[in-house]
Trainee: 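Below: one structure in C-alpha cells.
As the structure is a prediction and not an experimental result, all values here were calculated from the model. Proteins come first, then strands; the chains are lettered A, B, ... in the order of their sequence lines, and each starts at number 1.
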2 protein chains.
Amino acid sequence: MTSKNQSTLAVSTVIFALRPDEASGLMTLWLPLVRRIREPHLGQWALPGGWLPGDEELAAAASRTLRETTGLAPKYLEQLYTFGDLGRSPGNRVVSVVYWALVQSDEAALAAVGENVQWFPADRLPELAFDHNRIVDYALWRLRTKVEYSRIAHAFLGETFTLAQLRDVHEAVLQKPLDPANFRRTVEASGTVVDTGQHLAGARHRPPRLYRYNDSSRLADQGPLGPSIG
Amino acid sequence: MTSKNQSTLAVSTVIFALRPDEASGLMTLWLPLVRRIREPHLGQWALPGGWLPGDEELAAAASRTLRETTGLAPKYLEQLYTFGDLGRSPGNRVVSVVYWALVQSDEAALAAVGENVQWFPADRLPELAFDHNRIVDYALWRLRTKVEYSRIAHAFLGETFTLAQLRDVHEAVLQKPLDPANFRRTVEASGTVVDTGQHLAGARHRPPRLYRYNDSSRLADQGPLGPSIG
DNA sequence: GGAGTTATGGTCATTGTGACTATATGATGG
DNA sequence: CCATCATATAGTCACAATGACCATAACTCC
C-alpha cells in the first residue's frame, strides 16, 4: 500500500511578528527559526514544522508547531503553498504544506527564545536549511501583497489601536512611509475600523482615538475558503 | 518509517476551457470530469488526478493527468490549494495538492471524450465525489479574481486574437458584459498586447486587428515563484 | 449603393488617491 | 498659566483611472 506514495508529508509555518529594529528602532518584520538538531542540515536554521500526523488537520498542525515554537497563538493563519520539488531535501522525497501566520507584536516580545529558537529580522536572514529561504521570500511577498488589499494588518495589533499604530504596521510591512492624513482617509472610507469613542492619553500631543476592527465588513480574504484563524 | 506519516498524497487538477453554451450559444466555462471506476464514490464524477508518484514533480503530475484526461497541454497551470481535511475521504487520510489549468478553447473542442470522461458547464455541475464541488468553487473564484488583475485570459486563446475575442473571454469568466470601447482602452493602456498589423477579414463588418501577447511585460503573476506553465 | 454590424476613437462626469496646507489638542516646562 | 512641541485630524487641489455614452470607420451582404 505504501508503494503508491513514496513521499513524506510535512507541515511548516512562516511566523511573522513586528518588533523594533535593534539599530534604527523602527518597526520591522521578525520571524522565529529553529535550529536543526539532526541531519540533514544539522545546526542550520529552519522554519518551525514537522511531519504531519495522520490524525491532525493541516491548519491545526501549523498552529501547533507555532505554539510549540513560540508559545503563541496566531491571530492570522493561512495556507501559503505546497512545496514538493524532488531535489528540495536529500534522501526521501518530502512534500511540505507551508502555512504563514501573524502574531501580535506585544505578545511576540515575550515569546520564548532559547538555544534552538531565535527571532531574526526578515530582511537579514542567515542561509536556511532546505529551500526555506525561498519559502520565506514567497511568504513575504504574500504578506506585502495582501496587506494592501486585505485587512490583515490588525493581526499584529491588540483589540483596540490607534490609526498611527495601524499605519506603523503598514509602513513596516511595505517598507515605505505613508501620509497620515491620506492613510486615515483610506481606512475610514473602507469601513474596516470602528471608532470606540475612547482616546489614548498620556502622550505629549493630541490624544488619538482608539479604533476596533469591524468584524461585519470583512473583505474577501480567501474567497470561498474561509480564513483559518486560530 | 511509515509511522511518521499516515497520509496519502494525491494530485488533482481543475481544468478550464471556454466553449459555447449549448442553449444560449454564449461562451461559458467548461471543465472535464472523470467517472470514478472504484470505491469510494464509484460511478460519481470527480476531478482528474491520481496518487503522486514519488519521483514526479507536483506540477508535472498535474500536467500529466491533464494530458491523460483531455489529450491537451495546458497553456496555464498553477497550484491552487492543498486540501487535507480529515473527513474528506473515507478510509485512509488523503491530502490532495490541487492545480488549476487553462486550455485553449479550439483545442478543447477536439478533446477526447468517452464513457468515463465528459465536459460539464462550470455553473451546472452534478454532485461530485469527495469535496470536489468545493474545490471547483474555489478554483472558479481564483480564476475570476485573477483574470481581472493578471493576464491569464490569453491562455484560452491562440497565438493571435482580436480584442473582441479577448473581451469574450473576460465576459465569459466574469459573467457580465463589458463595454467594447472601454475594454479596448484598458487593454491597450496595460501594454499587455501588441498589434500584429494584420487584420481578420471575412466577417460582415469592419475587420478587426489581430493582436499578440506582449511577453516582455508580464505582470506579477505569482511573485517570487515563477508561473509553472506546461 | 444602402443597410447592417462590429471596430475603433472620442467626450464627460465620477471616483480614488498622492501631495500638501491648516487647525486641534493634550503634555511639558518654564 | 502660557508658550511650545508633536502628533491628530480636517480640508484642498490636481491628476489618473474608469464607467457611461456618442460618433465615425470600414467591411459584407443584398
Side-chain angles (χ1 to χ4, degrees), chain A residues 20 25-27 144-145 147-151 153-154 157 160-212 217 219-220, chain B residues 20 25-27 144-145 147-151 153-154 157 160-212 217 219-220:
Chain A
L26 297 172
M27 290 296 258
R144 293 193 166 121
T145 305
V147 88
E148 289 196 296
Y149 71 86
S150 186
R151 28 181 282 123
H154 80 285
L157 300 172
T160 62
F161 48 86
T162 68
L163 288 189
Q165 290 172 328
L166 188 62
R167 179 163 46 84
D168 270 352
V169 173
H170 281 255
E171 288 182 344
V173 171
L174 300 176
Q175 295 181 298
K176 66 178 180 189
L178 299 173
D179 180 87
N182 291 341
F183 183 80
R184 162 178 303 275
R185 180 181 55 187
T186 308
V187 171
E188 283 181 337
S190 74
T192 54
V193 297
V194 180
D195 189 344
T196 63
Q198 299 180 307
H199 291 256
L200 184 64
R204 44 176 311 200
H205 55 72
R206 176 170 174 176
R209 291 184 191 160
L210 281 171
Y211 291 84
R212 178 191 312 284
S217 80
L219 304 179
Chain B
L26 297 173
M27 291 296 257
R144 293 193 165 122
T145 306
V147 88
E148 289 197 294
Y149 71 88
S150 185
R151 29 181 280 123
H154 80 285
L157 300 172
T160 61
F161 47 86
T162 68
L163 288 189
Q165 290 172 328
L166 188 62
R167 180 163 43 86
D168 271 352
V169 173
H170 281 255
E171 289 182 342
V173 171
L174 300 177
Q175 295 181 297
K176 65 178 179 187
L178 299 173
D179 181 87
N182 292 340
F183 183 79
R184 163 178 304 274
R185 180 180 55 187
T186 309
V187 170
E188 283 180 339
S190 73
T192 53
V193 298
V194 180
D195 190 345
T196 63
Q198 299 179 306
H199 290 256
L200 184 65
R204 44 176 313 199
H205 56 76
R206 177 171 174 175
R209 291 184 190 161
L210 281 171
Y211 290 84
R212 179 188 313 283
S217 80
L219 304 180

Trainee: On DNA chain D, nearest-nucleotide positions of A:Ala181 versus A:Arg204: which is more 5'?
Mentor: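 It is A:Arg204, whose closest nucleotide lies nearer the 5' terminus.
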Trainee: Counting side-chain heavy atoms from CB outward, which of D:dA6, D:dG19, D:dC27 is closest to B:Asn182?
Mentor: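 The nucleotide sitting nearest to the side chain is D:dG19.
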Trainee: Between atom CZ of A:Arg185 and atom CG of A:Leu163, what is the distance when rounded to the nearest 0.5 Å?
Mentor: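 If I round to the nearest 0.5 Å, the distance is 13.5 Å.
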Trainee: Is B:Ala201 touching bases, backbone alone, or none of the nucleic acid, heavy atoms closer than 4.0 Å?
Mentor: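 Touches nothing.
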Trainee: Can you tell which of D:dC21, D:dA10, D:dC27 lies closest to the side chain of A:Glu188?
Mentor: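 Among D:dC21, D:dA10, D:dC27, the one nearest the side chain of A:Glu188 is D:dA10.
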Trainee: Which atom names give the shortest non-hydrogen contact between A:Ala201 and A:Pro207, and what distance separates them?
Mentor: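 What the structure gives for the nearest pair is CA-CB, 4.4 Å.
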Trainee: Rounded to the nearest angstrom, tell me the gap between atom CD in B:Glu148 and atom P in D:dT18.
Mentor: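 Those two atoms, CD and P, are 11 Å apart.
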Trainee: Could you state the atom-to-atom distance from CZ of B:Arg206 to P of D:dA26 in whole Å?
Mentor: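 My rounded result for the distance is 5 Å.
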Trainee: What heavy-atom pair brings A:Leu210 and A:Thr196 nearest, and what distance separates the two atoms?
Mentor: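 Distance-wise, the nearest heavy atoms are O-OG1, 2.7 Å.
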Trainee: Is A:Ala203 touching bases, backbone alone, or none of the nucleic acid, heavy atoms closer than 4.0 Å?
Mentor: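 Sugar-phosphate contact only - A:Ala203 comes under 4.0 Å of backbone atoms but never of a base.
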Trainee: Which two nucleotides bound the region of DNA chain C that has atoms under 4.0 Å from heavy atoms of chain B, read 5' to 3'?
Mentor: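 Reading along DNA chain C, I get C:dG4 to C:dT11.
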Trainee: Looking for any heavy atom pair under 4.0 Å, which part of the strands does A:Arg185 touch: base, sugar-phosphate only, or nothing?
Mentor: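 Answer is base: heavy atoms of A:Arg185 come under 4.0 Å of a base.
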Trainee: Which whole-number value in Å describes the distance from B:Arg209 CZ to D:dA25 C1'?
Mentor: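 B:Arg209 atom CZ is separated from D:dA25 atom C1' by 11 Å.
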Trainee: Going by ring-ring contact (aromatic ring centres under 6.0 Å, His included), name the residues that satisfy it together with B:Tyr211, two or more places apart in sequence or in a different chain.
Mentor: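 B:Tyr211: no ring-ring contact (aromatic ring centres under 6.0 Å, His included) contacts found.
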Trainee: Starting from the 5' end of DNA chain C, give me the residue, B:Tyr211 or A:Pro207, whose nearest nucleotide shows up first.
Mentor: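 Its nearest nucleotide being more 5', the pick is B:Tyr211.
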Trainee: Walk me through it: do B:Val147 and B:His170 pass the test side-chain contact (heavy atoms from CB on, under 4.5 Å)?
Mentor: CA-CA 7 Å; B:Val147 88; B:His170 281 255; 4.2 Å; yes
Trainee: Provide the closest heavy-atom pair for A:Leu178 versus A:Phe183 in the form atom of the first, atom of the second, distance.
Mentor: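 Minimum heavy-atom separation between A:Leu178 and A:Phe183: CD1-CD1, 4.0 Å.
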Trainee: What integer distance in Å separates B:Asp179:CG from D:dC22:P?
Mentor: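 Atom-to-atom, B:Asp179 to D:dC22, this comes out as 11 Å.
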Trainee: Return the minimal non-hydrogen interatomic distance between B:Tyr149 and B:Thr145, and the atom names on each side.
Mentor: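 For B:Tyr149 and B:Thr145, the tightest heavy-atom pair comes out as CD2-O, 3.2 Å.
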Trainee: Need to verify one output field. Residue with the more 5' nearest nucleotide on DNA chain C, B:Leu163 or A:Gly202?
Mentor: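 Per heavy-atom nearest nucleotide, the more 5' residue is B:Leu163.
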Trainee: Tell me the interatomic distance from A:Leu200, atom CG, to D:dA6, atom C1', rounded to whole angstroms.
Mentor: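 So the CG-C1' distance, A:Leu200 to D:dA6, works out to 15 Å.
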Trainee: To the nearest Å, give me how far apart CG (B:Leu178) and P (D:dA20) are.
Mentor: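 To the nearest whole Å, that distance equals 10 Å.
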